[in-house]
Student: 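Could you have a look at this structure, given as structure tokens, before my questions?
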Amino acid sequence: MPPKRASLKRKISHCDETNEQDVLESVGKTKKKSVTKAEKNNTTKSFPREKSTSKPSACASQSYKHCFNDLQSSPNQTSSWDGVRNYQARNFLRDQMKPGQDVFFYHSNCKEPGIVGICQVVKEGYPDHTQFDSKNPHFDSSSQKDNPKWFMVDVKLVRPLKRFISLAELKGLHQEHLKSGGPLQKLGLFTRPRLSVQPITDEEWSYILELENKDA
DNA sequence: GCCAACGTTGGC
DNA sequence: GCCAACGTTGGC
């Protein structure tokens, strides 16, 4: 069964300005060069290429506490994606995100929201342990261990995008494509606002990937 | 099962 | 910090 693609939009609502800074500085560290403010929004590290033999699919995810730098600094650049507490997002995450799928990492809730990188699903949906932890912000007292409500997946960083693709840019294209019938006319980011885990079609995926090689 | 009230998300 | 767009809750 061929791996599928998923667009994964990761929330960083608990990343305040400082954390956002940390995120980007961490990128800089990884790159072993200093990063100017301007460059920071242009995440330009080239990592090993992602494999990309895929079919379209749907998926997305949210997490409050995970930022892009978490992923980069995690062992194996892999981390679990916990904290999804929306049923629609949960269903995408649990039922459609499968190992091997590529995923876009979207930064939201920050000064400049946009896509910053590519990840890959490495472990399919399994119960999110934070729902049972009363000290965790995502604790859900209504969830029972023998029948967990919430799930998470593990994702591995594939690479940052060659350049940051902002929400503003995507929105502009989306609006153009609404008139022209272009590939981003139904992009989940705009047709399912606020949903943190969203499907992406193969066509959308390829189109957005191409943007990487163009000027903003 | 409806729906008003309320809470949350996330762009701006 | 504001507010629109949702989602969830709970009374009925």
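Letters A, B, ... are given to chains in the order of the sequence lines, protein chains preceding strands, and every chain is numbered from 1. Given the structure is predicted, the values throughout are model-derived calculations rather than measurements.
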Student: Each nucleotide in nucleotides 4-10 of chain C should get exactly one letter: B, S or -. Can you fill that in based on protein heavy atoms under 4.0 Å?
Tutor: -BBSS--
Student: Between A:Asp128 and A:Arg90, does any side-chain N to carboxylate O distance fall below 4.0 Å?
Tutor: no
Student: Is any NZ, NE, NH1 or NH2 atom of the basic residue among A:Lys214 and A:Glu169 found under 4.0 Å from an Asp or Glu carboxylate oxygen of the other?
Tutor: no
Student: Is it true that A:Lys171 and A:Glu176 have a side-chain N and a carboxylate O under 4.0 angstrom from each other?
Tutor: no
Student: Give the rounded distance in Å between these two atoms: NZ of A:Lys111 and C1' of B:dC12.
Tutor: 13 Å
Student: Between A:Gln131 (side chain) and A:Trp150 (backbone), is there a donor-acceptor pair under 3.5 Å?
Tutor: yes
Student: In terms of heavy-atom contacts, does NZ of A:Lys179 have more than 12 from other residues, nucleotides or ligands at under 6.0 Å?
Tutor: no
